[in-house]
K.L.:
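Pasting in a structure now, in structure tokens, and then I'll have a few things to ask.
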Amino acid sequence: MSAPAARFDRGHTDDLMSFLAAGPSPYHAVATTAARLEKAGFRQVAETDAWDGTSGGRYVLRGGAIVAWYVPGGAEPHTPFHIVGAHTDSPNLRVKPQPDSGAHGWRQVAVEIYGGPLMNSWLDRDLGLAGRLTLRDGSSVLVNVDRPLLRVPQLAIHLDRAVSTEGLKLDKQRHLQPVWGLGNDVREGDLISFLEQEAGITAGSVAGWDLMVHPVEPPAYLGRDRELVAGPRMDNLFSVHAATAALTAVATSGAALTRIPVLAAFDHEENGSQSDTGADGPLLGSVLERSVFARGGSYEDRARAFAGTVCLSSDTGHAVHPNYAERHDPTHHPRVNGGPILKVNVNNRYATDGSGRAVFAAACEKANVPFQTFVSNNSMPCGTTIGPITAARHGIRTVDIGAAILSMHSARELCGADDPFLLANALTAFLEG
């Protein structure tokens, strides 16, 4: 572990909070990321166009995923890549194809459970609605109703006395449908008509939608000394923000780069990554290969570039919980504000091995950033990330890292206020090569 870094940059943490608030859906998160890349001189390229091999920053948008890269001047076709991988999606409640429902004088929105949310954290919370509306001409419009619109009301204790002794038991189908108004009749098309008005588009023009609810309470500093940050979607916009900051810093630094820095932020990590915008899809491999070929490379150059490539799979991990310390490995207790974490699992739930540890340790040492190690308690199942998927699908060395938080998969999660700055600095050092 390297020497402690300086006190965190409050401006960077403020910026993370703004980024979290601006990303109520993966589509909003990638739009916000793209805007930051554009400001740093990157330009969007279409997958249907021919690509050129000139230097500079480029990015590809596909749904809720974005891949961005910066080709330095003089890069060879076989120049390896340094990649930071992350994901844009978070567990939540998503609107069903027939959303208008209700009963007993209440108008409700039918939702489906996405990923593995802590369902109790969505109860009695003011919720907004955001996502993507697809129009009849095939184009898409983002919509974000970022004000109290829906609520999942919990049953009063007077009607469920057992909750205090047996715990809360929620049925995913019956107990998590939010209310958004009053009325005895279910009016088909009511929700989408409302959202068309909110988005300022012509009535009846929406042909499809990808919508999800989100808590409208903004991120906030917490604690006597404001050492903590509470907010939504830290898993995993925390890493997307850090990687975006790192990539733009490297691209605008003027430093001589020996690797091509890449940001790959995927969708659908929370339900297995198996989609055209997920880490188990072809998006990243296609972008990397086309970058090689656009610079005049051959399949041999592609093989050489991939052989020297390293990916840091950056995701949140578990800080030691003060009320449940027995759930953690007794010798591995990551703490918030202790710097980024290296995630290890010998059964390849994480992709880290000894050589990967050396890569991350070198980046942290260069950035003067301390780091910690996470490993699961042997008696507890271990989660996984895009790391093993990336390593297996593309044959590139991958290291799982991240930031320690509490309340993972809650509607509001908790991190240390120092850690966003520390993670971004470590990722910057890594992308610099």
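Hydrogens, waters and symmetry mates play no part in the numbers below; they use all other heavy atoms, side chains included.
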K.L.:
With a 3.5 Å cut-off and no angle check, do the side chains of D14 and Y221 form a donor-acceptor pair?
P.N.:
yes

K.L.:
State, without any angle test, whether H332 and N377 hold a side-chain donor-acceptor pair at a distance under 3.5 Å.
P.N.:
no

K.L.:
For a 4.5 angstrom cut-off between non-hydrogen side-chain atoms, does V336 reach C415?
P.N.:
no

K.L.:
Less than 3.5 Å apart, any donor N or O on the side chain of R94 or N92 sitting next to an acceptor on the other?
P.N.:
yes

K.L.:
Looking only at atom types and distance, does a side-chain atom of S239 sit under 3.5 Å from a main-chain N or O of S314, one as donor and one as acceptor?
P.N.:
yes

K.L.:
Answer yes or no: is there a side-chain heavy-atom contact under 4.5 Å between R233 and H214?
P.N.:
yes

K.L.:
Do L211 and L195 have side-chain heavy atoms sitting under 4.5 Å apart?
P.N.:
yes

K.L.:
Quick check against the 3.5 Å criterion: does R132 have a side-chain atom that pairs as donor or acceptor with the backbone of D210?
P.N.:
no

K.L.:
Closest approach of T398 and S313, non-hydrogen atoms and distance?
P.N.:
CG2-CB, 4.1 Å

K.L.:
So, does D89 use its side chain to make a donor-acceptor pair with the main chain of E270 at under 3.5 Å?
P.N.:
yes

K.L.:
Would you say E300 has more than 12 foreign heavy atoms packed within less than 6.0 Å of its CD?
P.N.:
no

K.L.:
Donor-acceptor pair, S298 side chain versus D301 backbone, under 3.5 Å?
P.N.:
yes

K.L.:
With a 3.5 Å distance limit and no angle check, can you tell me whether N345 reaches the backbone of C382 through a side-chain donor-acceptor pair?
P.N.:
no

K.L.:
Looking at S193 and G189, would you say the former's side chain and the latter's main chain have a donor-acceptor pair under 3.5 Å?
P.N.:
no

K.L.:
Which label fits H394 and F306: parallel for a plane angle under 30°, tilted from 30 to 60°, or perpendicular past 60°?
P.N.:
perpendicular

K.L.:
Could you tell me which non-hydrogen atom of A305 sits nearest to which non-hydrogen atom of V292, and how far apart they are?
P.N.:
CB-CG2, 4.2 Å

K.L.:
Does the R62 side chain pair with the main chain of E47, one donor and one acceptor, at a distance under 3.5 Å?
P.N.:
no

K.L.:
Please step through salt bridge (Lys or Arg N to Asp or Glu O under 4.0 Å) for the pair D52 and R43, ending with a clear verdict.
P.N.:
CA-CA 12 Å; D52 64 60; R43 61 182 176 88; 3.2 Å; yes

K.L.:
Kindly say whether V111 contributes a backbone atom to a donor-acceptor pair with the side chain of Q177 at under 3.5 angstrom?
P.N.:
yes

K.L.:
Regarding T385 and D400, is there a side-chain donor-to-acceptor distance under 3.5 Å anywhere?
P.N.:
yes

K.L.:
Please lay out, stage by stage, how D15 and R36 fare under the test salt bridge (Lys or Arg N to Asp or Glu O under 4.0 Å).
P.N.:
CA-CA 12 Å; D15 191 60; R36 292 174 176 229; 2.6 Å; yes

K.L.:
Evaluate the side-chain proximity of L247 to V262: yes if any heavy-atom separation is below 4.5 Å, no if none is.
P.N.:
no

K.L.:
Is it true that, when you exclude E188 itself, more than 12 heavy atoms of the residues, nucleotides or ligands shown sit nearer than 6.0 Å to its CD?
P.N.:
no

K.L.:
Is the backbone N or O of W69 less than 3.5 Å from a side-chain atom of R58, with the two atoms forming a donor-acceptor pair by type?
P.N.:
no

K.L.:
Is there a side-chain contact between V45 and V60 (heavy atoms, below 4.5 Å)?
P.N.:
yes

K.L.:
Count the heavy atoms belonging to other residues, nucleotides or ligands that lie under 6.0 Å from CD of Q98, then report whether that count exceeds 12.
P.N.:
no

K.L.:
Output yes when a side-chain donor or acceptor of E432 lies under 3.5 Å from a complementary backbone atom of V250, and no otherwise.
P.N.:
no

K.L.:
Can you find a pair of side-chain heavy atoms, one from T248 and one from L37, that are under 4.5 Å apart?
P.N.:
yes

K.L.:
What's the shortest heavy-atom distance between P232 and R412, and which atoms?
P.N.:
CD-NH1, 4.1 Å

K.L.:
In terms of side-chain heavy atoms, does H268 have a donor or acceptor partner in T277 at a distance below 3.5 Å?
P.N.:
yes

K.L.:
Would you say D49 has more than 12 foreign heavy atoms packed within less than 6.0 Å of its CG?
P.N.:
yes

K.L.:
Are H321 and R327 close enough that some pair of their side-chain heavy atoms sits under 4.5 Å apart?
P.N.:
no

K.L.:
Is there side-chain contact between V344 and Y350, with heavy atoms separated by less than 4.5 Å?
P.N.:
no

K.L.:
Can you confirm whether Q44 is buried at CD, in the sense that more than 12 heavy atoms of other residues, nucleotides or ligands lie under 6.0 Å from that atom?
P.N.:
yes

K.L.:
Would you find more than 12 non-hydrogen atoms of other residues, nucleotides or ligands less than 6.0 Å from K96 atom NZ?
P.N.:
yes

K.L.:
Give a yes or no on this: more than 12 heavy atoms of other residues, nucleotides or ligands lie within 6.0 Å of atom CZ of R151.
P.N.:
yes

